[in-house]
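Report on the structure given below.
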Amino acid sequence: MTTAERFDLVDGAHLALVRAGDPDAPATVLLLHSYAQDRRVWHKVLTVLPDAMSSAVVAYDHRGHGESSPADRSTATLDQLADDLAEVIERAIPHGPVVVVGHGMGGHVAMVMAARHRLLAEHRLGALVLLSTSVGWVAEALPPPLGKLFQDLHAILGPRLVDEVHRRIDKATTIGLRWLLLGDDPAEDDVRLVAEMMSQHWPDTVATFRPGLDQGALDVALEVVAGLPLIAMVGEKDRLVPVGHAGRLADALLGHSVMVPGAGHMLPLEAVGEVVPRIVAQVREALTR
């Protein structure tokens, strides 16, 4: 069972946040979704993880995503998302170690937060689980020509016609996203959810965030989080993040890597049976540090 709440940030924006599990558990698992998606990507983990071990679980929509406040060019950056994460840890999870699980861009947000808020990271960050996270930035977006078309339509004719175009090409979009983001034989419910999330964030979120996603201190972040318990996981069929990136991240951070056979980029949906046991292991590790 999950409970939803509104988390107000100090700058007046708000985040749509959900909680599951035992609120009095000694550790909290914090789930960070990727670019142009939202917290729904974690629905399977939110269901399974509290039954796997006694833990509190929190997930939220990044600003500019899902049901959280919109972002503009000044706030659509890794630095801002990292500062939002720091606020969530300080004020929404006031005690105990936090095991951060980042999918794609969410992994980068976690690492940049560690670089920008070193004291907080040293005292509260218990472990990291990085899912489908690249060593450098990978443009997790639809092909540029389609993006150009949608941006032009939006600028000239407004959102109503763009919404109509979304509906008309929904089948083609779904097929394309299935190939791009999912691995072998994905569940149809997963395909539909991925198509729905991407469509809801296309093109505005993609266009707003893309320029600011290269501007994070990832090199510094790698130094800060090195030595933390870490697992980097990647799908064998991930077309956005090469399999070797998980190994490179694990080597840089003194952790270890896992390749999930047959899976694509959407490990929170495709590989919950492989992901949850690794999260549980990281929580146990965090509690013994």
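The first residue of the sequence shown is numbered 1, and numbering continues consecutively from there. What you see below is based on every heavy atom in this structure, not just the backbone, and it leaves out hydrogens, waters and symmetry mates.
Here the closest non-hydrogen pair linking L85 and A110 is CD2-CA, 3.8 Å. Looking at every heavy atom in both residues, S34 comes nearest to G104 through OG-CA, 3.5 Å. In terms of heavy atoms, A27 sits closest to V283 at CB-CG1, 4.0 Å. Scanning both residues, R91 and P94, for their nearest heavy atoms gives O-CD, 4.3 Å. When all heavy atoms of G107 and T133 are compared, the closest pair comes out as CA-OG1, 3.8 Å. In terms of heavy-atom proximity, A271 sits nearest to V260 at CB-CG1, 3.9 Å.
Residues L287 and R284 form no side-chain contact, since every pair of their non-hydrogen atoms from C-beta on lies 4.5 Å or further apart. Contact annotation: the side chain of L193 never approaches that of V41 to less than 4.5 Å [non-hydrogen atoms, C-beta and beyond]. Side-chain contact check for P50 versus V57: some heavy-atom pair is nearer than 4.5 Å. A heavy-atom distance below 4.5 Å is found between the side chains of L32 and Y60. Residues L78 and M105 are in side-chain contact: their nearest non-hydrogen atoms beyond the backbone lie under 4.5 Å apart. Counting heavy atoms from C-beta outward, T77 and L81 have side chains that stay 4.5 Å or more apart. Side chains of L130 and I231 form no contact here, defined as non-hydrogen atoms less than 4.5 Å apart. Contact annotation: the side chain of M266 approaches that of Q37 to within less than 4.5 Å [non-hydrogen atoms, C-beta and beyond].
A donor-acceptor contact shorter than 3.5 Å links the side chain of S68 to the backbone of A16. Put simply, the side chain of E270 gets close to the backbone of G264: a donor and an acceptor are under 3.5 Å apart. No donor-acceptor pair closer than 3.5 Å links the side chain of H265 to the backbone N or O of L182. With Q200 contributing its side chain and G66 its backbone, the two residues share no donor-acceptor pair below 3.5 Å. H123 places a side-chain N or O within donor-acceptor distance of the main-chain N or O of L119, the cut-off being under 3.5 Å. Not one N or O on the side chain of K237 forms a donor-acceptor pair closer than 3.5 Å with the backbone of A263. Q282 places no side-chain N or O within donor-acceptor distance of the main-chain N or O of V129, the cut-off being under 3.5 Å. A donor-acceptor contact shorter than 3.5 Å links the side chain of D72 to the backbone of T75. Between the T205 side chain and the G64 main chain, a donor and an acceptor come within less than 3.5 Å of each other. A donor-acceptor pair under 3.5 Å is formed between the side chain of R278 and the backbone N or O of E274.
Ring orientation note: the planes of W42 and H103 are nearly perpendicular, at an angle over 60° on the 30°/60° scale.
Around CD of E236, the count of heavy atoms belonging to other residues, nucleotides or ligands within 6.0 Å exceeds 12.
A search for side-chain hydrogen bond (donor to acceptor under 3.5 Å, both in side chains) contacts involving D61 returns R39, not counting sequence neighbours.
For the pairing with L181, the side chain to side chain contact (heavy atoms under 4.5 Å, CB included) check across M197, R239, M198 returns one residue only, M198.
A salt bridge does not link E90 to R124: none of the charged nitrogens lies less than 4.0 Å from a carboxylate oxygen. Ion pairing between R63 and D11 holds under the 4.0 Å rule for side-chain N and carboxylate O. Look at D8 and R6 and you find a salt bridge, because one of the NZ, NE, NH1 or NH2 atoms lies within 4.0 Å of a carboxylate O, short of that distance.
No close placement of the H62 and F209 rings is indicated, their centers lying 6.0 Å or farther apart.
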